[in-house]
Amino acid sequence: MEKHPLADFRLFIWLFAALIAFAARGAHAGPIGQGTYSGIYSGGDYGVVTIVVDAQGNVTCDFFSSPNFVHHQATGAVTTDSSWYLVNCMTPNTDAYHWSASSNPSSAAGNAIIGFWGGGTSSAQISGSFTAYYTSTRTDPAGSIASGSFAGLWYEPAYTGTGFNILPSSAVGLIVTYYGVNASGGPLWLISDFGPKTIAIGAPITLNMSYSNSGTFQAPKRVPVTWGQLTLTFTGCTTATATLTGTDGSVSENLTMLTGVIGMPGCT
């Protein structure tokens, strides 16, 4: 039987289509796993992105704008029946600033969520891309969370220009530094003693705080002077309460994590 003149061409088209379908299937990495994904976003705006996926497949997205100093937060879900995205987050369309974020097929479950974001108002639409890497959740036998899960900058929005820096150490436990002002309006920089290596949500931590009044810029020498105490209670993965009591009086703050540290264990 004589071969149809278009047979080879048809075979090529079929093989090409099959190859594209196979490649798309390979690129679609499968469901995104439970955990915290942290990274950066860029485009019409830029800053830090944190995406949390819980055991039920619910998703929360937090895009913290570096130039605007504001959190853009949305909720969504893990998607298993779409060839275009694995995770999506969206604010209600009734919000004054309506935006959404979605992953693309090259996202790798258990490694990273790669995707696109966009939104704004009818008069100001912006968009861009993001990459958020997975950070595992580590717990001890008692269920406490590793102190590294809370590493980063924390602040009380009502207290502009002051805040806390939480520094983890697997060897000696966490260290907390405070930057703010004293009762006279001058600069106040405090550093804590070593804290615990693991943290239980809702359990208060009390740390001695001190400062240094010696040394010069070119020849620093720390001679600690006792200032008072800090009582720190983590009420969630990104929220905490802090009470400072010492030489300058007492103040209590409701803290929010401003930005975490990429590579640290996650908190879910």
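A quick note: this is a predicted structure, and the numbers were derived from the prediction, not measured.
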**Prompt:** Would you say Trp189 and Thr177 make side-chain contact, with heavy atoms under 4.5 Å?
**Reply:** yes

Heavy-atom closest pair (Gly180 atom, Thr162 atom, distance to 0.1 Å) is CA-CG2, 3.6 Å

Here the pair of heavy atoms bringing Val59 nearest to Ala77 is CG2-C, 3.6 Å

Can you list, pair by pair, the side-chain donor-acceptor contacts under 3.5 Å of residues 242-249, counting residues two or more places apart and other chains?
from	atom 1	to	atom 2	distance (Å)
Thr243	OG1	Ser252	OG	3.0
Thr245	OG1	Ser250	OG	3.2
Thr247	OG1	Trp227	O	3.2
Asp248	OD1	Ala183	N	2.9
Asp248	OD2	Trp227	NE1	2.7

For Asp193, the side-chain hydrogen bond (donor to acceptor under 3.5 Å, both in side chains) test, sequence neighbours excluded, returns Asn208

| When you look at Ser210 and Ile191, which way does the side chain to side chain contact (heavy atoms under 4.5 Å, CB included) test go after all the steps? | CA-CA 6 Å; Ser210 62; Ile191 185 169; 4.0 Å; yes

**Report entry** Hphob cluster co-occupancy, Val49 + Met90, side-chain heavy atoms under 4.5 angstrom
**Finding:** no

Residues passing the ring pair (Phe, Tyr, Trp, His ring centres under 6.0 Å) test with Phe130, sequence neighbours excluded, are Phe63

Query - Step-by-step side-chain hydrogen bond (donor to acceptor under 3.5 Å, both in side chains) determination, Thr241 to Asn254 - result: CA-CA 5 Å; Thr241 61; Asn254 293 312; 5.7 Å; no

Looking at Leu255, is its backbone amide N or carbonyl O close enough to the side chain of Glu253 to form a donor-acceptor pair, meaning the two atoms are under 3.5 Å apart? no

Checklist entry - Linking I/L/V/M/F/W/Y whenever their side-chain heavy atoms sit closer than 4.5 Å, directly or via other members, would Val48 and Phe116 fall into one cluster? => result no

Minimum side-chain heavy-atom gap Val181-Leu188 below 4.5 Å: no

Between Pro187 and Asn182, the two heavy atoms sitting closest are O-ND2, 4.0 Å

_Is the distance from the ring center of Tyr41 to that of Trp117 below 6.0 Å?_
yes

Scanning both residues in full, the closest heavy-atom pair of Trp99 with Gly120 reads CB-N, 4.4 Å

Hits for side-chain hydrogen bond (donor to acceptor under 3.5 Å, both in side chains) against Asp62, two or more places apart or cross-chain, chain-then-number order -> His71, Gln73

Q) Between the side chain of His98 and the main-chain N/O of Thr91, is any donor-acceptor distance below 3.5 Å? A) yes

Closest non-hydrogen atoms of Leu207 and Gly195, given as atom of the first, atom of the second and distance, are CD2-CA, 3.6 Å

Going only through I, L, V, M, F, W and Y residues with side-chain contacts under 4.5 Å, is there a path from Tyr46 to Leu258?
-> no

Contacts of Pro157 meeting side chain to side chain contact (heavy atoms under 4.5 Å, CB included) (sequence neighbours excluded), chain-then-number -> Tyr155

Residue set satisfying side-chain hydrogen bond (donor to acceptor under 3.5 Å, both in side chains) with Gln125, at least two apart, ordered chain then number -> none

Note: Met209 and Ser192 closest approach over all heavy atoms is SD-CB, 3.4 Å

Report task. Flag the pair Ser129 / Ser42 as yes when at least one side-chain heavy-atom distance between them is below 4.5 Å, and no otherwise. Result -> yes

Checking Tyr178, Phe150, Phe234, Tyr159 against Phe164 for ring pair (Phe, Tyr, Trp, His ring centres under 6.0 Å), the one that qualifies is Tyr178

Does any non-hydrogen side-chain atom of Leu230 lie less than 4.5 Å from one of Val176?
yes

